[in-house]
Amino acid sequence: MNHDILVKKAKEAMANAYVKYSNFKVGAALLTKSGNIYTGCNIENASYGATICAERVAYTKAISEGEKEFEAIAVVSSGGFQTYPCGICRQFMAEFGLDIQVVLEDGEGTRVHTLKELLPEAFTTY
Ligand code: THU
């Protein structure tokens with residue numbers, strides 16, 4: 001699938017971000033190998049550590065619907081720069097495969113990495 005469509009979906013999801021504390025919005029759109037798209041936004045919490053990132057929201061939505069195989073994830077933010085997934089999200093995503101394409105957009109263009117590039121020598125049990 002064209003990455004532009006995935007980026008567009010990530011931007012739509014970003015509009016729903018709940019960012020009462022950082023005011024930094026993130027949106028993600030996750031494409032499954034079966035061709036479905038699950039979106040996510042960051043959801044913050046008064047207890048800051050309970051915040052969940054957009055990427056993990058997209059993954060949890062997909063996995064709870066029975067999906068386990070992923071092709072690509074687009075990530076956008078309100079920061080105006082390419083927003084790389086945080087360390088927790090990289091580890092969380094690694095559980096379901098390191099070959100996924102991570103598409104990062106900054107308003108002008110996209111960069112694409114594999115998760116393997118973003119999390120070298122990853123700890124997994126597979
Ligand atoms: N955030 C994400 O949603 N994804 C990332 O990969 C980086 C950080 C969120 C968490 C928090 O709500 C805000 O961005 C600022 O850290």
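All ligand and atom numbering here is 1-based and tracks the order in the structure.
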Q: May I ask you to test the Cys41-Met14 pair for a side-chain heavy-atom distance under 4.5 Å?
A: no
Q) Quick one: are Cys53 and Cys86 in side-chain contact, heavy atoms under 4.5 Å? A) yes
Any nitrogen or oxygen of [X] lying under 3.5 Å from a nitrogen or oxygen in ligand 1? Just yes or no.
{"X": "Thr83", "value": "no"}
{"X": "Cys89", "value": "no"}
{"X": "Cys53", "value": "no"}

Atoms of ligand 1, numbered as shown, that sit under 4.0 Å from any heavy atom of [X]:
{"X": "Glu44", "value": "11 (C), 12 (O), 13 (C)"}
{"X": "Pro85", "value": "6 (O)"}
{"X": "Tyr84", "value": "6 (O)"}

Q. If we ignore angles and hydrogens, is there a donor and acceptor under 3.5 Å between the side chains of Gln101 and Thr114?
A. no
Q) Would you say the side chains of Glu12 and Thr39 form a donor-acceptor pair under 3.5 Å? A) no
Q: Count the heavy atoms of every other residue, nucleotide or ligand shown that sit under 6.0 Å from NZ of Lys33, and state whether that count exceeds 12.
A: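 Yes, enclosed.
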Q. Using a heavy-atom cut-off of under 4.0 Å, does the side chain or the backbone of Ser22 touch ligand 1, or both, or neither?
A.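 Side chain only.
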Q: With heavy atoms only and a cut-off of under 4.0 Å, state how Tyr21 meets ligand 1: side chain, backbone, both or neither.
A: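 The answer is neither.
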**Q.** Flag, side chain of Glu95 to backbone of Phe92, donor-acceptor distance under 3.5 Å
**A.** no
What residue and heavy atom of the protein are closest to [atom], and at what distance?
{"atom": "atom 9 (C) of ligand 1", "value": "Asn42 ND2, 3.4 Å"}
{"atom": "atom 3 (O) of ligand 1", "value": "Ala54 N, 3.0 Å"}
{"atom": "atom 6 (O) of ligand 1", "value": "Glu55 OE2, 2.6 Å"}

Q.
With a 4.0 Å cut-off on heavy atoms, is Val19 in contact with ligand 1?
A.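 Under 4.0 Å: no for Val19.
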(Q) Over 60° means perpendicular and under 30° means parallel, so tell me whether His113 and Tyr84 are parallel, tilted or perpendicular. (A)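 Plane angle between 30° and 60°, so tilted.
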Q: Determine whether the aromatic ring centres of Tyr59 and Tyr38 lie less than 6.0 Å apart.
A: no
